[in-house]
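Here's the structure, in structure tokens; my notes come after.
Reminder, nothing fancy here: chain letters follow the sequence lines and each chain counts from 1.
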Amino acid sequence: MLETFKKLICDYVEVEPDEITEDSRFIEDLHFNSYDFVDFLGALETELDITVDEQEILELHTVGDAIAYVKKLKGE
Amino acid sequence: MKEFTVNGAVLQCYPLTAAQRLHNYTVKYCPFHQILNIGSGLYIQMETDFDLLREAIYVAYERFDCMRLRFLKDTDDTVYQYLVPTEDREIPFRDFSSWQEEDVKRELEGWTKIPFKRFHSPMNQVVMIKLPDGYNGIYLKADHMTMDSSSVISFYRDVLEIYCAKKYGRAFPKPMQSYIQALEKDLAYEDNSPARKKDEAFWMEQITCENEPMYTDFNGMGRLITQRRENNNPDQRSAVVVSVNPEASISVYSLEKEPSDQLMHFCEENRIPMVCLLLMGLRTTLSKFNNNEKDVSIKSCVARRGTLLEKRSGGTRIHFFPLRTIIEPETTFMDALKIIQAEQNRLFRHANFDPIEYTMRRSRYRKFRPGESYESISLTYQPLTLKSTDESVPDIPYKSHWYSNGVAAQPLYLTVMHRVEDNGLNFSFEYRKDAVTDYEMEYLYYYLCRVLFRGIENSSRTVGEILDMI
């Protein structure tokens, strides 16, 4: 899952894949803005066939948070 | 895509995107074609080698496809776009160093009011400028169908970074990305894609919702009350906002660095996007001006630049959609911000949909008269600054300016940007002169600031308490 995230994150911000970890924070470390983040989740929806909730995504701050959320949606 | 023969050459031409069609619609129905002109200037306080600057501008023309964009009209009046491979127009130089600042501003506003020839012709103009007090730089006039403010900023940064790379022998900035690739992605979305169908369903649900939104004017209840009386409909909740006279001007209010920093610090600390804080300030101000109305809608601008391809390929990508907020007076400032953030995220997720189609469908469904709306104000927050972060660019004093083209389609359009000098916030109000006066705008700005600072100094205050305090 982390590899899928790394590949997609690199489409949005100038960062090397090796620099991305589960602890990376979207805003502070990866420099996403609010549109980047929502658009990124949209790309994840298409890639992983899930539907995210606008209220719940407000609580996702790190890559690890987002991976856990996606796993929950997929029932893993 | 369609092939056309232009000056003996066969060219691949593309239809307009939804963002471009919005501007094309405006220019089609507005007799003042300069309505799409964006005039701006970026100036640096340092000795400038203008021959080298000219070279840098030509290199930027090569790298930044949208600077070489042209339009053509088919026999059925459909507008298409194409790129020319090179741009070798003369880049003129004007010396205003002995002029007064105000006279230069008036002159450049005059340039900004001259419309472009629309077909088979360049859609931008670049002039190298020498200003008083040792500032030198570039004036850029661009057609909104080819560039938006993000593109303008990217072009300026690129020219400056190329100039510094050449002057100081450093590495060139990273290349720009393909305009055509981004365009093809947009056109693929519009071609009945599943994503478009999803967005269409979302917007139709918004349009047909049972509880009709409420028009809230920046000048209070007057406009709505008058129109209710004229139409003999005391329950009317929308108002006609267009005018036959689009004459407009821009007034800029500068929020000092320290209070600007307080707003930014609040956003960082609470993970609230600045645009949501501004929306909260504006919607609460409109609420105050309209009998503490709970249901307030504002047209929110979405830059639609998420991926690196979208960020670095120029063009015009802005879509506007209404952001509706229904907030009870017992809601705390912080909770209201979270409501707005969730609404804004919903809007972002469906922002690729064609805004003209949305507007037309809403007008049909609500049986609107021409120019009728629920929103009186549009808001843009531009997070990018003209100041380069590239290491090759020395730390020098900058100055920038956005010049009015003299006309506007919307009654009031607020753009909040960071100042290039100190990163403080500038509130730039573009207003139609028949809709709002200088005094009324200052009043609006004053209340907007009061809401913002009463909210951030204690975010557990309720919206009702803030409305009573201001």
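- The environment of CG in B:N211 is crowded: more than 12 heavy-atom neighbours from other residues, nucleotides or ligands sit within 6.0 Å.
- Residues B:R305 and A:D39 are not in side-chain contact: their nearest non-hydrogen atoms beyond the backbone lie 4.5 Å or more apart.
- Side-chain atoms of A:V52 and B:R349, non-hydrogen and from C-beta on, do get closer than 4.5 Å to each other.
- Note: B:T307 OG1 to A:F40 CZ = 13.0 Å, rounded to the nearest 0.5 Å.
- Contact annotation for B:E310: only side-chain heavy atoms (C-beta onward) come within less than 4.5 Å of a heavy atom of chain A.
- The stretch residues 8-16 of chain A places A:C10, A:D11, A:Y12, A:V13, A:E14 near chain B, each with some heavy atom under 4.5 Å from a heavy atom of that chain.
- Between chain A and the residues B:E343, B:M274, B:R304, B:Q341, the most heavy-atom pairs under 4.5 angstrom are made by B:R304.
- Applying the 6.0 Å contact sphere to NZ of B:K294 captures no more than 12 heavy atoms from other residues, nucleotides or ligands.
- Within residues 55-66 of chain A, the residues that have a heavy atom under 4.5 Å from a heavy atom of chain B are A:Q55, A:I57, A:L58, A:H61, listed by number.
- For B:R271, the part sitting under 4.5 Å from any heavy atom of chain A is the side chain, from C-beta outward, and nothing else.
- A distance of 12.5 Å separates CZ of B:F348 from CG of A:L41, quoted to the nearest 0.5 Å.
- A side-chain contact (heavy atoms from CB on, under 4.5 Å) with A:S34 holds for exactly one of B:P383, B:P273, B:C276; it is B:P273.
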